[in-house]
Amino acid sequence: MLDIKLIRDDPEVVRQALEKRGDSAPLDEILRLDERWRQLLREMETLRAERNEVSKRLGRMADKPPQLIADMRRIGERISSLEAEIGQLGAELEDHLLRLPNIPAADVPVGNDERDNIEVRSWGQPRHFSFTPLPHWELGERLGIIDFQRGVKLSGSRFYILRGLGAHLQRGLIAFMLDLHTNEHGYTEIYPPFMVKRECMVGSSNLPKFADNLYHDEEDDLWFVPTAEVPLTNLHRDEILPPGSLPLHYVAYTACFRREKMAAGKDTRGIKRGHQFDKVELYKFTEPEASDDALDRMVKDAEDVCRRLDIPYRVVQLCTGDLGFASAKSFDIEMWAPGCGEWLEVSSCSNCSDFQARRANSRYRPKPQAGPRFPHTLNGSGLALPRVLISVLENYQQADGSVTVPEPLRPYIGTETIRAS
RNA sequence: GGAGGGGUGGCCGAGUGGACGAUGGCGGCGGUCUUGAAAACCGUUUUCGCCUUUGGCGAACGUGGGUUCGAAUCCCACCCCCUCCGCCA
């Protein structure tokens with residue numbers, strides 16, 4: 001959420017930010033609502049002050065003048081009706097504010113869509129194959145480790161089943177990444193709920209605007225997390241972190257649930273885009289001044305996974321038009337998948353500045369006695385599982401149809417080779 | 001899910017209609033004393049919003065409604081925690 005004071009004082013900044021994103025919002029309507037809201041608030045508070053003053057006097061009087069009480073009753077009625085109107089305006093205003101995206105950082109390249117993103121670096125050489133590398137859906141079926149048909153039988157399209165060493169490989173990858181980030185990169189592991197309350201979704205900014213991509217339990221109003229970013233953003237909601245708390249570095253494994261109802265038929269082949277997938281997520285709370293460096297560090301932590309697995313990748317900076325709703329600045333990491341011939345997005349690392357912290361009302365105290373401030377929050381995949389699984393299978397496939405297990409995963413899998421069973 | 005008890009400031013804990021943003025204690029911060037520290041003593045210590053901003057006013061005692069000139073205090077609903085019972089990985 002943006003600071004209403006910024007919109008009041010400098011609406012032009014917000015207007016330009018929206019334009020750079022290729023987005024729009026009813027800023028004039030917001031300003032009008034805000035003006036009216038404040039006007040009524042002033043009126044109501046004046047009346048309340050009067051009532052408080054008179055009530056105090058009445059309390060001290062032995063004989064309470066009926067005329068005064070009658071006057072106060074009328075003021076009370078006026079206050080009630082103002083309260084109702086202010087509440088209504090406030091709710092409208094808040095709804096608008098919650099639908100306003102974050103302002104892109106000054107150094108984000110301006111552009112319309114993913115075609116304007118900028119590759120900032122790449123690592124590794126695509127492997128040369130003496131045969132035609134297979135896409136993972138063929139590899140997976142031949143090896144008996146991915147079962148598409150039964151996945152669909154159980155849950156419908158965009159669901160699959162991992163079997164035997166396929167399931168084991170995914171589990172090993174999760175453990176490998178968690179160990180790497182906790183032992184070597186200084187993150188604290190969190191195991192959060194996979195279902196959260198509505199206000200958590202508002203805090204992370206999935207609600208109110210993106211409800212149609214979420215699974216929702218009607219009976220208890222619980223929402224299935226589309227990413228661990230949601231519970232992690234809300235870990236310190238309504239808290240004021242004491243001096244010296246920052247930075248906080250968290251890593252969490254969760255399953256992720258997304259409706260993906262747009263683009264039915266797109267990316268349906270294989271396991272690239274499902275309704276349920278696993279992900280290891282990195283998350284940071286930092287002081288505002290430190291968030292830029294923290295983002296670079298986070299991208300490197302995610303890259304480290306690719307390097308250790310020895311899979312070629314590239315890092316892409318998102319242009320203003322391709323930035324996520326909450327993000328001020330983002331980098332994607334894409335792994336090369338030679339079987340399907342694609343760069344697969346395995347991570348998206350974002351600096352959300354104080355956007356989510358304000359929504360979740362997470363604050364910190366810079367020094368003892370100092371007033372509270374909003375920290376910056378950052379999130380990034382470290383990494384998203386099904387796509388890393390794809391890359392491992394496709395990059396490590398052999399001429400005989402087997403797949404070699406990458407060196408660092410062997411302790412987790414207990415075997416060097418995956419063969420058809 | 002059933003029965004009973006309870007939710008007050010960073011923590012403990014008073015307060016059952018009016019001077020209570022809230023006694024007291026602990027913790028924190030500042031000071032006096034001391035070579036230094038401890039003890040003792042003194043002071044200070046929530047957050048948000050609005051405004052004509054060295055200041056003024058409003059709001060918040062789990063949450064939301066209600067009664068009242070006036071609610072931490074009375075009424076209603078809901079949520080959460082504790083104890084016992086039931087169920088269960």
Side-chain angles (χ1 to χ4, degrees), chain A residues 1-10 30-98 191-203 207 217-223 231 234-246 248 254-255 285 354-375:
Chain A
M1 187 153 65
L2 300 181
D3 189 350
I4 181 67
K5 286 176 193 146
L6 174 70
I7 305 172
R8 253 180 230 159
D9 298 344
D10 207 347
I30 290 173
L31 289 167
R32 194 187 63 74
L33 281 169
D34 177 55
E35 184 57 51
R36 178 79 179 138
W37 176 80
R38 283 187 293 157
Q39 183 191 338
L40 295 184
L41 188 70
R42 282 196 297 273
E43 189 184 335
M44 182 190 67
E45 290 189 345
T46 306
L47 290 176
R48 274 186 176 164
E50 184 183 348
R51 182 175 69 179
N52 287 347
E53 194 268 322
V54 172
S55 288
K56 234 172 241 182
R57 268 181 17 228
L58 269 172
R60 272 172 281 163
M61 292 181 193
D63 297 316
K64 308 196 190 309
Q67 184 57 48
L68 206 49
I69 289 180
D71 287 351
M72 285 308 106
R73 180 176 290 137
R74 252 197 336 277
I75 284 187
E77 280 160 9
R78 175 66 183 145
I79 288 172
S80 293
S81 88
L82 279 168
E83 272 172 350
E85 203 175 340
I86 288 166
Q88 178 67 34
L89 283 169
E92 263 179 73
L93 183 59
E94 197 194 13
D95 188 63
H96 275 116
L97 291 177
L98 288 173
Y191 175 79
F194 292 7
M195 297 154 85
V196 296
K197 295 183 192 180
R198 173 181 295 270
E199 51 264 42
C200 292
M201 287 296 179
V202 174
L207 287 179
D217 162 57
E218 294 281 344
E219 190 168 348
D220 296 313
D221 196 26
L222 283 173
W223 299 72
N234 288 278
L235 209 54
H236 299 294
R237 79 170 304 122
D238 295 323
E239 288 181 31
I240 299 175
L241 298 164
S245 303
L246 301 183
L248 288 168
T254 68
F285 292 84
D354 64 2
F355 189 83
Q356 290 177 321
R358 182 172 279 112
R359 291 172 83 108
N361 192 32
S362 300
R363 289 168 297 165
Y364 76 103
R365 201 179 297 286
K367 290 191 179 111
Q369 320 302 333
R373 297 176 77 193
F374 291 111

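Because only heavy atoms are used, hydrogens play no part in the values below, and waters and symmetry mates are left out as well, while side chains stay in. Note that the coordinates shown come from a computational prediction; the quantities given were computed from them, not determined experimentally. Naming: A, B, ... by sequence-line order, numbering from 1 per chain.
Taking both residues in full, the closest heavy atoms of A:Arg237 and A:Glu199 are given as NH1-O, 3.2 Å, listed atom of the first, atom of the second, then distance. Residues A:Pro192 and A:Pro231 come closest through the heavy atom pair CB-CB, 3.7 Å. The shortest non-hydrogen separation linking A:Asn234 to A:Cys200 is ND2-O, 2.9 Å.
You'll find the side chain of A:Glu43 stays beyond 4.5 Å of the side chain of A:Gln39, heavy atoms only. The shortest distance between side-chain heavy atoms of A:Glu92 and A:Arg36 does not fall below 4.5 Å. You'll find the side chain of A:Leu68 reaches within 4.5 Å of the side chain of A:Arg57, heavy atoms only. Contact of the A:Leu58 side chain with the A:Pro65 side chain is registered, since non-hydrogen atoms from C-beta on lie closer than 4.5 Å. With a 4.5 Å cut-off on side-chain heavy atoms, A:Leu248 and A:Leu235 do not count as touching. Between A:Asp221 and A:Lys197, every side-chain heavy-atom pair lies at or beyond the 4.5 Å cut-off. You'll find the side chain of A:Asp3 stays beyond 4.5 Å of the side chain of A:Phe374, heavy atoms only. Counting heavy atoms from C-beta outward, A:Ile30 and A:Leu93 have side chains that approach closer than 4.5 Å.
A heavy-atom distance below 4.0 Å to RNA chain B is reached by these residues of residues 355-369 of chain A, ordered by number: A:Arg363, A:Arg365, A:Gln369. Heavy-atom distances under 4.0 Å link RNA chain B to A:Trp37, A:Arg38, A:Leu41, A:Arg42 of residues 37-44 of chain A, given in residue order. A heavy atom lying under 4.0 Å from RNA chain B marks the following residues of residues 71-92 of chain A, by number: A:Met72, A:Arg73.
Checked against ring pair (Phe, Tyr, Trp, His ring centres under 6.0 Å), A:Phe355 has the following partners two or more places apart in sequence or in another chain: A:Phe325.
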What does the 5'-to-3' dot-bracket notation of RNA chain B look like when only Watson-Crick and G-U wobble pairs under 3.5 Å count, and pairs to other strands show as |? ((((((((.[[[..)..(.....]]]((((((.......))))))((((((...)))))).[[[[[..)....]]]]])))))))....
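To the nearest whole angstrom, the two C1' atoms, one in B:rC80 and one in B:rU63, are 10 Å apart. Separation of the P atoms belonging to B:rU34 and B:rU47 is 36 Å when rounded to the nearest angstrom. B:rG65 and B:rC12 have their C1' atoms separated by 32 Å, given to the nearest Å. A gap of 15 Å separates the C1' atoms of B:rU16 and B:rA22, to the nearest Å. Spacing of C1' atoms, B:rA72 relative to B:rG13, comes out at 14 Å, to the nearest Å. For B:rG21 and B:rG58, the P atoms lie 10 Å apart once the distance is rounded to whole Å. Using P as the reference atom, B:rC50 and B:rA37 are 45 Å apart when rounded to the nearest Å. For B:rC11 and B:rG62, the P atoms lie 13 Å apart once the distance is rounded to whole Å.
Along RNA chain B, the nucleotide closest to A:Arg48 and the one closest to A:Lys5 are compared, and the more 5′ of them pairs with A:Lys5. Between A:Glu50 and A:Gly371, it is A:Gly371 whose nearest contact on RNA chain B lies nearer the 5' terminus.
We find the CG-CD1 distance between A:Asp34 and A:Ile4 to be 4.0 Å, quoted to the nearest 0.5 Å. Interatomic distance, A:Arg51 CZ to A:Leu47 CG, rounded to the nearest 0.5 Å: 9.0 Å. Note that OG of A:Ser81 and CG of A:Leu40 are 9.0 Å apart. Values are rounded to the nearest 0.5 Å.
Backbone-only contact: A:Pro372 has heavy atoms under 4.0 Å from sugar-phosphate atoms and none from a base. Among the heavy atoms of the strands lying under 4.0 Å from A:Arg60 is at least one base atom, whether or not backbone atoms are also near.
Of all nucleotides in RNA chain B having an atom under 4.0 Å from a heavy atom of chain A, the first and last in 5' to 3' order are B:rG18 to B:rG70.
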Please assess A:Lys5 against A:Asp9 for the test salt bridge (charged side-chain N to carboxylate O under 4.0 Å, His left out), listing each intermediate value before the final yes or no. CA-CA 6 Å; A:Lys5 286 176 193 146; A:Asp9 298 344; over 6 Å; no
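Using a 4.0 Å cut-off between charged side-chain N and carboxylate O, A:Arg38 and A:Glu35 make a salt bridge.
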